[in-house]
Each structure stands twice: as C-alpha cells, then as structure tokens.
Amino acid sequence: MKAWWKEAVVYQVYPRSFCDSNGDGIGDIPGITSKLDYLKELGIDVIWLSPVYASPNVDGGYDISDYRAIAPEFGTMDDFDRLLGEARARGIKIIMDLVVNHTSDQHEWFVQSKSGRDHPKRDWYIWRDGFEGQEPNRMTSVFSGPAWTLDPFTGQYFLHLFAREQPDLNWENPEVRGAIFETMRWWLDKGVDGFRMDVINFISKPPEALCADGGPGGECVNGPRVCAYLEEMHNEVLSRYDIMTVGETHGITPDDAVKYAGYESGALSMVFQFEHVNTDAGPYGKWTTMKYSRPELKRILSQWQTELDGRAWGSLFWGNHDQPRAVSRFGDTSDAEAWEKSAKMLATCLMMMKGTPYLYQGDELGMTNLDIRALDEVRDVETLNAYRDLVEEKHIYTRGEMMACIRKAGRDNARSPMQWSGGPNAGFTSGTPWIQINGNYRDINAEAQRQDSSSIFRYYQKLIQLRKQFPVMVYGRYEPLLPDDDRVAAFRRVEGDDVLLVVCNFTGEALPDMELTNLLPAQAGLLIGNYSEPAESLRPYEARVYAGKSAASGAVLYDGR
Ligand code: TEU
Ligand code: CA
C-alpha cells in the first residue's frame, strides 16, 4: 500500500547545533525557521526535530522536565507554532522526538515521586530497596556505572537505564501511560505529523531484571509488554491521526521489527535497526578505534532489505546525533577527492535501498568528525561517563587511547554546528558556539556547495528529485546481486517491468575485473553516478545507477535526459 511516509525523505535537525538566531551560541527554533528555504531547496519532505522541550540539558535535551513547554534557550511556544506554520506553508512536515522511557529528574512527576514513599506518584517510577546496603542488583546503565541510584531521603533506589538524571518511567502503571498518551494527543492536535520514539523497546522491563536480590539484573530491551503498550498507544492515539511514527529500537531482529512495525498488525510505521552501525564495535562496545567491517556491513544491509520484504516497511540511515559522521566512518576523508566521491557513493547506496531515508543535518554537505583533542572539549554525557569508567575507574584505556576512541566514536562528532558558510563561526552563530566548530568549515559549507553544481549538496538534491520521479525507487522490490563480492554493494530495484541497477564501490580501489554489462537491464540508461566522465569499469568509490526495463519492450524508463 502506498503511504506518504514511504515516499518521504526525512531530515533530522539537532536544534542546538543547527542555526543560532540570537547570538547566544545555541541553535534555536527561529534559527530553524530561517533555514526552511534551504531545506526546501534540498527537497526533503519531513523534519525530525530532536527534543526542543524544557530540559536541564544533561543529555542534549533527551532529559525532559516538561513535555508541553519549549526550552527557553530554543525559544517560545509561539516560535514553535511559527515554525510549524512556515514548514507547512512549504509542504514540509514535522515529527517530534518522543522521549518517554524516562524523564528528567527535574520533571514534576519525579520530584513528586521521590517526595515520599506514600506519594500517589511514587509508583510512576521504578523504586526498589537496596540489597545488603548496595544497589538492588548489578544492572549497569547504557551511560556506564550502576543503573540504580539511591535517593537518600526515602532510602530506596530508582532505576535509570541512562544517566542518573534520567529516571525510567514505570509503564506498568496505567496512569503513566494515560499521561503520556494525553501529551501525545496534545502535540498531534497542535498539528505535528508524528513521532520518532526514543528507545521505545526499553519501556517494558522484564520483572527478573528488576529483582532486588543482588544478582546480575538483566537486559531491558524488547521486554514482555512492549507490543501490548504499543498496541494500546495505537488504539488510544496513533490510529486517530494521519501521521508517521518511527521507533528507535536498539537490539532488534527483523522478527522484532515485524512485531513493532509489521504491515499486518504493527503499531508503528517503521523502526530504526542499528546492526549496520555496530560492525565497528569492540569488547568495550563503541569505545574502540576499530574500522567497520565491510563484509558485515554489506551482509547486514542486504539481510534487512530481504527479511523485511513483504512484512514491514524499513528505515534507512547512516548516522544521527548519536553516531559519528557517516563519511568519516564508512567513507574516506584522506583527501578531497576520496571525501567527495565516498560521500556521494554513500548517499547513492542509502537513497537507492528500499525504505524511508533519514538524512542527518550536515550529511548533505559531507560534514566530517570533529578533531577533539582534550577532554574539556567534550560536551556529551555518554562520552564523559565512559571516560571516567574506562580510564579512571577500570584502567582499561590510557588517556591517549580513550581520546582516540572518542575522536572516532564520540557523539560530539555529529553535534558540532552546521557549517553554513566560510564566514565567522561557519555562519552558525554571531556569539560563542556551545561546542567547537569543525576546523574544516572554510572548505566544507552550505554556501560554497550551493554555488557548485557538482557538490555533495547538489548530488543529494538530485537523488531526492529522482525519488519523486521514479516510483520504483520507493516501491520497487529489492533484489541482491553479487552477494560474495565484498567490495561492492550491488542490487536491483524492480517494480512491474521497471528496473534500477545500483552498484556502489565501497573501496578506494578501481575494480577493473568487475563486469557490469551482464548486470544491466534492457534499454539501460545511466540515471545518476558520482563521476562525470564515462568509463568501463568501476573507479574508487564509484556509484552508478542505471534505469531500464526487465525485458526489451518499446518503453524506455529513462532516456538519459
Ligand atoms: O539513544 C539510545 C541509545 O541507546 C544511545 O544511547 C546509543 O546507544 C548510544 O548513544 C550510541 O552511541 C537515545 C537517544 O538517541 C540518545 O541521544 C539519548 O541519549 C538516549 O536515547 C537517552 O534518551
Ligand atoms: Ca540561540
């Protein structure tokens, strides 16, 4: 079935780093509004807005203290309404970040919950007695250290799967669910077009994981009632609006994706899976300098395409505000040529697979990782906690080793300000930016790329236009090709007798032995590619897409014009 959100291209805005309108060094909502024409020019359909709610900002706004207020540093509710209206006037939809696995510890609900063991909101969070004067069990938080923190006033521990300033809500309590659903309706009635749901498969905790027995605790992903809660959310809220929803779901299999977002009975439009961005993890998770595995990446991408076929709609992304920059990670930044070619190749591969593509701000310019040299340049709580844990407490890494891991994998890499121009502060702010600006902004910026018809920006723009022109790019079946050749991602998209052939060279080598001719569809024309001169065989990081027909017929899908 067709749906607008299957045809859409989504662009993620991380507000703090997008555009600062008033010179306080912090990106804000009027700043986003001022860049809508830029986004329209790029051609995107939907903005995923990372949190703009009131927040003490311990975790970049993912610690919310009031779900119905805008953080003053981002603007006012009037500013938000104006953004929504101006976006709509340009045909751009906005989806909000829904962060309801946890709140901030400053949220009124938590303040009340911790005010006394008998408070009616006590049970809105997850409280346990300690075990022999220690944490209830040995469960650890995603952000290092114990997942339990003692509240000295009431003498019990509360659960936090992330920072201790992010207590987990108790979804078992129907009042909690009711309050969340009401908030969701409030935003939808205002006119937002859906939600990206933060760690939504963490909301149901297996009872064993919470045992106060001093044991190991347990995994809180894909718990026993996730589906039940999502179904309830669907009935109470989602099914009443024409919206899109995407669940952030770490640690899922394709079968889980079908449970949460299947065509038949899934509550959500789609989910994000993360397997393909975990092939460069090591014994200490993301904190390693290991390169990603090309064969693994290829296998995973292809497997998700194949396994979701006919069962669930997929989502496509190379990065987001939690991941390093795509071109630094999966491409090649060793010289200007490799940078440009590999960024365009990644864009091609992403946009040509089946699913809704999500671009992260700055990826359309090929923005790269930050060169963080000192710990006091780090802003991200996950990174700072991991440093304390792995360097200071466990002595697993030396300072220098950990700094190398941070440069490769830290979340600040994606959070440096948008590079709008080669002018002061990259055109992001007239003040002092809250986080350092990438030193390469004079070479890599929006102003320069808008003036250059062969830029990465113009290439993304063309890919997005093609997606509107060729329904096979959206709805076509995915057919893997050359499964044993790790150097390339090669596949077909097929819809009726329309065929696209996609070949992406993930290596920095020319591939003279790669035979393309026998893969070509009938009446093939080159739809898009990242080299301007034709050539027989694939060049370093070359990407090519041919459009044609499944058999020689009178019709031509694309005649090269
Ligand atoms: O991320 C969930 C999450 O698990 C991440 O912490 C991820 O594992 C890690 O950052 C990878 O480097 C979501 C948000 O996207 C993230 O920004 C929040 O910090 C987190 O939830 C808590 O709300
Ligand atoms: Ca500002």
Side-chain angles (χ1 to χ4, degrees), residues 9-21 25-33 35-36 39 44 46-75 77 79-80 83-84 87 92-104 143 162-163 166 183-184 187 192-200 244-250 272 274 277 315 317-326 356-364 367 379-383 410-418 428 433-435:
V9 175
V10 184
Y11 184 95
Q12 183 188 356
V13 169
Y14 191 72
R16 187 166 292 270
S17 302
F18 195 62
C19 178
D20 174 23
S21 71
I26 298 173
D28 46 49
I29 292 174
I32 301 170
T33 309
K35 295 297 184 185
L36 286 172
L39 296 178
I44 58 100
V46 177
I47 294 172
W48 151 22
L49 196 59
S50 271
V52 289
Y53 314 94
S55 161
N57 193 37
V58 168
D59 182 21
Y62 285 85
D63 49 322
I64 297 168
S65 53
D66 184 345
Y67 288 113
R68 298 192 198 185
I70 300 293
E73 68 222 62
F74 290 155
M77 196 56 85
D79 292 329
F80 179 86
L83 169 63
L84 199 58
I92 296 175
K93 297 182 192 294
I94 296 188
I95 65 172
M96 302 292 282
D97 219 308
L98 183 78
V99 188
V100 290
N101 171 70
H102 45 268
T103 67
S104 161
F143 289 168
F162 294 90
Q166 293 168 297
T183 305
M184 293 174 73
W187 282 101
V192 307
D193 299 286
F195 296 105
R196 172 269 186 186
M197 301 184 181
D198 196 62
V199 287
I200 201 68
M244 69 171 275
T245 51
V246 52
E248 189 210 21
T249 49
H250 286 266
F272 290 127
F274 289 86
V277 290
S315 64
F317 70 96
W318 287 127
N320 60 36
H321 64 296
D322 294 333
Q323 305 290 332
R325 284 285 175 183
T356 297
Y358 290 75
L359 313 182
Y360 180 67
Q361 65 181 41
D363 279 354
E364 77 278 21
M367 277 179 61
R379 297 285 174 272
D380 169 34
V381 63
E382 178 188 51
T383 307
R411 301 200 296 185
D412 289 330
N413 281 311
R415 298 179 183 184
S416 72
M418 262 298 273
F428 164 71
W434 71 276
I435 188 173

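Numbers here simply count residues along the sequence, with the first being 1.
- No donor-acceptor contact under 3.5 angstrom links the side chains of Ser17 and Gln361, judged on distance only.
- Heavy-atom minimum distance, Asp20 versus Gly25: OD2-N, 2.8 Å.
- Summarising the geometry, atom OG belonging to Ser21 is positioned 7.5 Å from atom CG belonging to Asp79; distances are rounded to the nearest 0.5 Å.
- Of all the heavy atoms in Pro51 and Pro15, the pair that sits closest is O-CG, 4.1 Å.
- Between Phe162 and Asn101 the shortest side-chain heavy-atom distance falls below 4.5 Å.
- At least one side-chain heavy atom of Val192 sits under 4.5 Å from a side-chain heavy atom of Leu84.
- Under the salt bridge (Lys or Arg N to Asp or Glu O under 4.0 Å) criterion, Asp363 pairs with Arg325, sequence neighbours left out.
- In this structure, the ring of Tyr53 has its center less than 6.0 angstrom from the ring center of Trp187.
- In terms of modelled atom types and a separation under 3.5 Å, the side chain of Trp434 and the main chain of Arg16 share a donor-acceptor contact.
- In this structure, Phe143 and Val381 have side chains that are in contact, with non-hydrogen atoms separated by less than 4.5 Å.
- Tested against Tyr62 for a side chain to side chain donor-acceptor pair (under 3.5 Å), the candidates His321, His102, Gln166 yield a single pass: His321.
- A donor-acceptor pair is defined here as one N or O able to donate and one able to accept, closer than 3.5 Å; such a pair exists between the side chain of Glu248 and the backbone of Val199.
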Item checked: Derivation and outcome, side-chain contact (heavy atoms from CB on, under 4.5 Å), residues Leu98 and Met184 -> CA-CA 8 Å; Leu98 183 78; Met184 293 174 73; 3.7 Å; yes

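- The closest donor-acceptor contact from the side chain of Ser65 to the backbone of Ala54 lies under 3.5 Å.
- We find that Asp412 and Arg379 are not joined by a salt bridge, their nearest charged nitrogen and carboxylate oxygen being 4.0 Å or further apart.
- Residue Ile70 comes nearest to Gly75 through the heavy atom pair CG2-O, 3.5 Å, listed as atom of the first residue, atom of the second, then distance.
- For the atom pair Phe195 CZ and Ile200 CD1, the distance stands at 10.5 Å (nearest 0.5 Å).
- Residues satisfying the side chain to side chain contact (heavy atoms under 4.5 Å, CB included) criterion with Pro433, sequence neighbours excluded, are Pro417, Asn425, Phe428, Thr429, Ile437.
- Checking each of Trp318, Phe272, Phe317, Tyr11 against Tyr358 for a ring-ring contact (aromatic ring centres under 6.0 Å, His included) leaves exactly one that passes, namely Phe272.
- Looking only at side-chain heavy atoms (C-beta outward), Leu359 and Val9 come within less than 4.5 Å of each other.
- Between Val10 and Met244 there is a side-chain heavy-atom pair separated by less than 4.5 Å.
- The stretch residues 53-69 participates, sequence neighbours left out, in these salt bridge (charged side-chain N to carboxylate O under 4.0 Å, His left out) pairs: Asp59-Arg411, Arg68-Glu182.
- Nearest heavy atoms, Pro56 versus Ser104: CG-OG, 3.3 Å.
- The nearest pair of heavy atoms linking Leu36 to Ile92 is O-CD1, 4.2 Å.
- Between Thr103 and Tyr67, the shortest heavy-atom contact is CG2-OH, 3.4 Å.
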